[in-house]
Amino acid sequence: MFNKKEKSYTDLLGKTNRIVEGTIIKGDIISKADFRLDGELIGNFQSTGKLVIGPTGSVTGDISCNNADIEGNFNGTIQVTELLNVKSKASIHGDATVGKLAVEPGADFTASCKMKENVKLLTDGKETQQK
């Protein structure tokens with residue numbers, strides 16, 4: 001009568017991975033969930049979720065994700081499908097391809113940046129725009 005489906009341990013905690021300050025990872029990270037990095041990554045990062053690089057976090061390598069908030073250091077190539085939010089204390093060097101870009105005053109944004117254009121799709125003979 002009251003059959004409740006038990007939630008998994010990760011559903012109860014949320015689906016955000018976290019690498020804390022003082023941790024160094026050398027290698028690639030692939031994740032479907034959101035990710036917060038306060039440590040150091042020397043390698044590539046790929047996710048269909050959101051990446052947050054905290055104030056003590058740093059990435060040297062390539063990033064591919066849906067959304068990103070950067071407050072720490074990044075050096076490499078970044079591809080963000082939707083929004084790249086660069087905080088005032090961030091330092092970014094390299095190349096960026098983004099859907100939308102927000103840069104707070106004071107940020108070190110030394111990168112070439114390419115904004116993705118809206119893609120037009122044909123659906124049932126009618127033209128629609130995808131953002």
Side-chain angles (χ1 to χ4, degrees):
M1 183 167 146
F2 294 105
N3 293 336
K4 287 187 177 180
K5 184 179 176 185
E6 288 188 35
K7 291 187 176 184
S8 71
Y9 184 69
T10 55
D11 285 338
L12 294 173
L13 292 178
K15 293 190 178 186
T16 300
N17 296 296
R18 184 166 185 166
I19 303 299
V20 296
E21 184 178 355
T23 302
I24 299 171
I25 296 177
K26 293 181 181 180
D28 297 340
I29 296 175
I30 299 171
S31 175
K32 291 183 180 181
D34 293 343
F35 210 94
R36 179 172 177 97
L37 180 67
D38 289 304
E40 182 178 355
L41 170 63
I42 301 168
N44 302 320
F45 178 85
Q46 181 180 350
S47 176
T48 55
K50 180 177 184 177
L51 171 64
V52 175
I53 299 176
T56 59
S58 73
V59 175
T60 302
D62 296 339
I63 294 175
S64 177
C65 61
N66 211 25
N67 290 290
D69 285 351
I70 299 179
E71 195 171 359
N73 299 313
F74 171 71
N75 190 354
T77 301
I78 185 167
Q79 293 183 351
V80 180
T81 307
E82 293 179 15
L83 175 64
L84 171 60
N85 190 5
V86 183
K87 303 291 187 177
S88 61
K89 307 244 178 189
S91 176
I92 296 179
H93 297 269
D95 298 316
T97 303
V98 300
K100 294 179 183 176
L101 176 66
V103 181
E104 291 183 0
D108 174 16
F109 189 77
T110 309
S112 65
C113 183
K114 180 179 180 184
M115 303 288 288
K116 292 182 183 178
E117 297 179 16
N118 286 341
V119 178
K120 292 184 178 182
L121 301 173
L122 289 176
T123 317
D124 297 330
K126 295 181 180 178
E127 196 173 277
T128 59
Q129 285 202 350
Q130 179 183 17
K131 293 183 179 183

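Just so it is clear, the model here is predicted, and its values are computed rather than measured.
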State, to 0.1 Å, how close [X] and [Y] come at their nearest heavy-atom pair, and which atoms those are.
X      : Y     : result
Asn17  : Ser31 : ND2-OG, 3.0 Å
Thr16  : Arg36 : CG2-N, 4.3 Å
Ala111 : Asp95 : CB-N, 4.4 Å
Gly49  : Cys65 : O-CB, 3.8 Å

Spacing of [X] atom [atom1] and [Y] atom [atom2] [to the nearest 0.5 Å]:
X      : Y     : atom1 : atom2 : result
Phe74  : Leu51 : CZ    : CG    : 9.0 Å
Ile53  : Ile92 : CD1   : CD1   : 7.5 Å
Lys100 : Leu83 : NZ    : CG    : 7.5 Å
Glu82  : Asn67 : CD    : CG    : 4.5 Å
Ile29  : Ser47 : CD1   : OG    : 10.0 Å

Exercise. Any chance the side chains of Thr48 and Asn66 put a donor and an acceptor closer than 3.5 Å?
Worked result: no
Exercise. Looking only at side chains, do His93 and Asn73 share a donor and an acceptor under 3.5 Å apart?
Worked result: no
Exercise. Under 4.5 Å between side-chain heavy atoms, hopping through other hydrophobics if needed: is there a path connecting Ile24 to Val20?
Worked result: no
For this session: Decide whether Val98 and Val52 are clustered together by the hydrophobic rule: side chain heavy atoms of Ile, Leu, Val, Met, Phe, Trp, Tyr closer than 4.5 Å, transitively.
Result: no
Exercise. Do the non-hydrogen side-chain atoms of Leu41 and Ile19 ever get within less than 4.5 Å of each other?
Worked result: no
Exercise. With a 4.5 Å limit on heavy-atom distance, are the side chains of Ile78 and Ile70 in contact?
Worked result: yes
For this session: Give every residue pair that meets the salt bridge (charged side-chain N to carboxylate O under 4.0 Å, His left out) criterion with at least one member in residues 64-75, sequence neighbours excluded.
Result: Lys50-Asp69
Exercise. Residues in side chain to side chain contact (heavy atoms under 4.5 Å, CB included) with Ser88, at least two apart?
Worked result: Glu104
Exercise. For Asp28 and Gln46, what are the C-alpha separation, side-chain angles and deciding distance, and is it a side-chain contact (heavy atoms from CB on, under 4.5 Å)?
Worked result: CA-CA 8 Å; Asp28 297 340; Gln46 181 180 350; over 6 Å; no
Solution key, residues 55-64 side-chain donor-acceptor pairs under 3.5 Å, sequence neighbours excluded:
from, atom 1, to, atom 2, distance (Å)
Thr56, OG1, Asp38, O, 2.8
Asp62, OD1, Thr77, N, 3.4

Exercise. Given Leu37 and Phe45, is the side-chain contact (heavy atoms from CB on, under 4.5 Å) satisfied, shown in steps?
Worked result: CA-CA 11 Å; Leu37 180 67; Phe45 178 85; over 6 Å; no
